[in-house]
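Right, one structure below, let's go through it.
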2 protein chains.
Amino acid sequence: MAQTLHNFHFEDLLTRHHLKKTAPRLRVLSMMSSRNTATSQPDLESVMNDIDRVTLYRILSAFEEKGIIHKVFDLNGTANYALCTSNCDEGHHHDEHLHFNCTNCKNVYCLNDMQLPAINLPAGFEPQAFTLYASGLCPKCSKKAVK
Amino acid sequence: MAQTLHNFHFEDLLTRHHLKKTAPRLRVLSMMSSRNTATSQPDLESVMNDIDRVTLYRILSAFEEKGIIHKVFDLNGTANYALCTSNCDEGHHHDEHLHFNCTNCKNVYCLNDMQLPAINLPAGFEPQAFTLYASGLCPKCSKKAVK
DNA sequence: GTTTAAACGCAACAATATTACAATTAACTA
DNA sequence: TAGTTAATTGTAATATTGTTGCGTTTAAAC
């Protein structure tokens, strides 16, 4: 989100999850919070090119495990990461919102306010989580498309 | 589906889409139709290990383009492929059904009968396609889980 | 049967992800 | 505040997944 979150928020977040406050981690958090879309792995890697790739992967998987971020694959199967808004705890995500993937700018939007309708599955299936994906044009790109 | 589809069905399918009838293509079709779940790329590759990897990729993308199969990424971002049931034409898929990813056996089920409920997006978003994912235990694995 | 465009196989490469281990450092403690 | 230690990072090597270019083969049309 565009809201300005300060470093001590992130530091706090890390300690709450028993993670050491390190420069790479704080930078990842700060970058993600500065965007209103999810961040793709390639994007992360090129922006943080001075941080080792392996370190990035480890930061991402640690954050995901702790419920700080969630991973979402876009239409091309590319991993995108976004901060969890609400109360995701360790190992239990609650990111059942809608993910919108713009076919033009490729951005992935987390539409947290969209509640998923109740879904009934055939007998035998025991769902634990739902995710709804939509693809199409995001507000910015649909404006441009009108010309 | 478990229904027994015969080779001439597939041959017909290929000619209808102006694709040459070749052994690799027929084998891919036959394998996919013999399963009631989507087939992952790694799975395809290991079962068809005598077909070149590149050929497989090309077959899959040709089929997808023609609307014969559709690609779906599972929870791990692995590509899975399944035959399109209905009337998908070239470049226009209509696979807006529910994909169920079992967290235990990792299988991806296409639940074609599940219709997606209508979704209203925030202003500005112009959706062109929806996909709903669910994860949890499939019938087989939920049975075993009871023990 | 000949011809030809489509499809295949091979080789090389690019991108993405994982593992093992040594070096560093944040956090704790004395 | 220095010393200790476990967590984290960096490096190297490797695995997996996907792409591109090109020569060879083959299905399909004549």
Side-chain angles (χ1 to χ4, degrees), chain A residues 7-8 10-31 38-66 68-81 90 106 108, chain B residues 7-8 10-31 38-66 68-81 90 106 108:
Chain A
N7 244 13
F8 56 81
F10 301 138
E11 297 189 2
D12 195 47
L13 188 63
L14 291 177
T15 38
R16 275 211 309 280
H17 287 96
H18 308 290
L19 294 172
K20 282 189 184 177
K21 302 171 211 162
T22 67
R25 284 175 176 169
L26 289 171
R27 284 176 57 197
V28 168
L29 288 176
S30 146
M31 172 178 177
T39 308
S40 72
Q41 189 280 330
D43 232 29
L44 257 175
E45 200 171 311
S46 69
V47 173
M48 312 260 185
N49 53 26
D50 54 328
I51 300 179
D52 191 79
R53 282 166 38 76
V54 180
T55 300
L56 270 182
Y57 279 113
R58 282 191 286 228
I59 288 176
L60 292 172
S61 62
F63 281 3
E64 198 187 3
E65 201 171 304
K66 295 292 188 178
I68 297 175
I69 63 174
H70 61 282
K71 173 161 42 172
V72 48
F73 294 99
D74 65 19
L75 295 171
N76 304 310
T78 303
N80 284 253
Y81 299 88
E90 182 139 2
K106 313 300 178 198
V108 175
Chain B
N7 244 13
F8 56 82
F10 301 137
E11 298 189 1
D12 196 47
L13 188 63
L14 290 177
T15 38
R16 274 211 310 280
H17 287 97
H18 310 290
L19 294 171
K20 284 190 184 177
K21 303 171 211 161
T22 67
R25 284 175 176 170
L26 289 171
R27 284 176 58 198
V28 168
L29 287 177
S30 146
M31 171 179 176
T39 308
S40 72
Q41 189 280 331
D43 232 29
L44 258 175
E45 199 172 311
S46 71
V47 173
M48 312 260 185
N49 54 25
D50 54 329
I51 300 180
D52 190 79
R53 281 166 31 77
V54 179
T55 300
L56 272 182
Y57 279 111
R58 282 192 283 229
I59 289 176
L60 293 172
S61 61
F63 283 3
E64 199 188 0
E65 200 171 305
K66 296 290 187 180
I68 297 175
I69 63 174
H70 60 280
K71 173 163 37 173
V72 48
F73 295 99
D74 66 18
L75 294 172
N76 305 310
T78 304
N80 284 253
Y81 299 88
E90 181 139 2
K106 313 301 177 197
V108 175

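Quick note: numbers below take in every heavy atom, side chains included, and nothing from hydrogens, waters or symmetry partners. So that the names make sense, note that chain A is the first sequence line, chain B the second, and so on, each numbered from 1.
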**Asked** Counting only distance, no hydrogens or angles, is the base of dG9(C) paired donor-acceptor with the side chain of Arg58(B) under 3.5 Å?
**Response** yes
**Request:** For Arg25(B) and dT26(D), give me the distance from atom CZ to atom P, rounded to whole Å.
**Result:** 15 Å
**Request:** For the side chain of Thr55(B), starting at C-beta, report the closest nucleotide among dA6(C), dG9(C), dA27(C).
**Result:** dG9(C)
**Fill in**
From the list Phe63(B), Phe10(B), Tyr81(B), side-chain contact (heavy atoms from CB on, under 4.5 Å) partner of Val28(B) resolves to Phe63(B)
**Prompt:** Considering only heavy atoms and no angle criterion, is a donor-acceptor pair shorter than 3.5 Å present between the side chain of Arg53(A) and the base of dA17(C)?
**Reply:** yes
**Request:** Provide, to the nearest angstrom, the distance between the CG atom belonging to Leu56(A) and the P atom belonging to dT11(D).
**Result:** 13 Å
**Request:** Measure the distance from CG on Leu19(B) to C1' on dA7(C) and round it to the nearest whole Å.
**Result:** 10 Å
**Asked** In Å and rounded to the nearest 0.5 Å, what is the CD to CG distance from Glu11(B) to Leu29(B)?
**Response** 10.5 Å
**Complete:** In this structure, CG of Asn49(A) is separated from CG of Leu44(A) (nearest 0.5 Å) by 11.5 Å
**Prompt:** Can you tell me if the side-chain N/O atoms of Thr22(A) get under 4.0 Å from OP1 or OP2 in dT8(D)?
**Reply:** no
**Item:** Between C1' of dA20(C) and OH of Tyr57(A), the distance in whole Å
**Value:** 18 Å
**Asked** In terms of the nearest nucleotide of DNA chain D, which residue is placed more toward the 5' end: Ile51(A) or Pro42(B)?
**Response** Ile51(A)
**Prompt:** Contact class for Gln41(A) vs. all strands (heavy atom < 4.0 Å): base, sugar-phosphate, or nothing?
**Reply:** sugar-phosphate
**Request:** Keeping the roles fixed (side chain from Asn76(B), backbone from Thr78(B)), state whether a donor-acceptor pair exists under 3.5 Å.
**Result:** no
**Request:** For the pair Asp43(A) and Lys106(A), find out whether any cationic side-chain nitrogen is under 4.0 Å from an anionic carboxylate oxygen.
**Result:** no
**Asn76(A) CG - dT17(D) P separation (whole Å)** = 18 Å
**Asked** How close or far is atom P of dA17(C) from atom CG of Asp52(A), stated in whole angstroms?
**Response** 15 Å
**Message:** From C-beta outward on Ile59(A), which listed nucleotide comes closest to its side chain: dC8(C), dT18(C), dT9(D)?
**Reply:** dT9(D)
**Complete:** Rounded to whole Å, the NE2-P distance (His18(A) to dT8(D)) equals 12 Å
**Item:** Value in whole Å for how far the P atom of dT8(D) lies from CG of Leu26(A)
**Value:** 13 Å
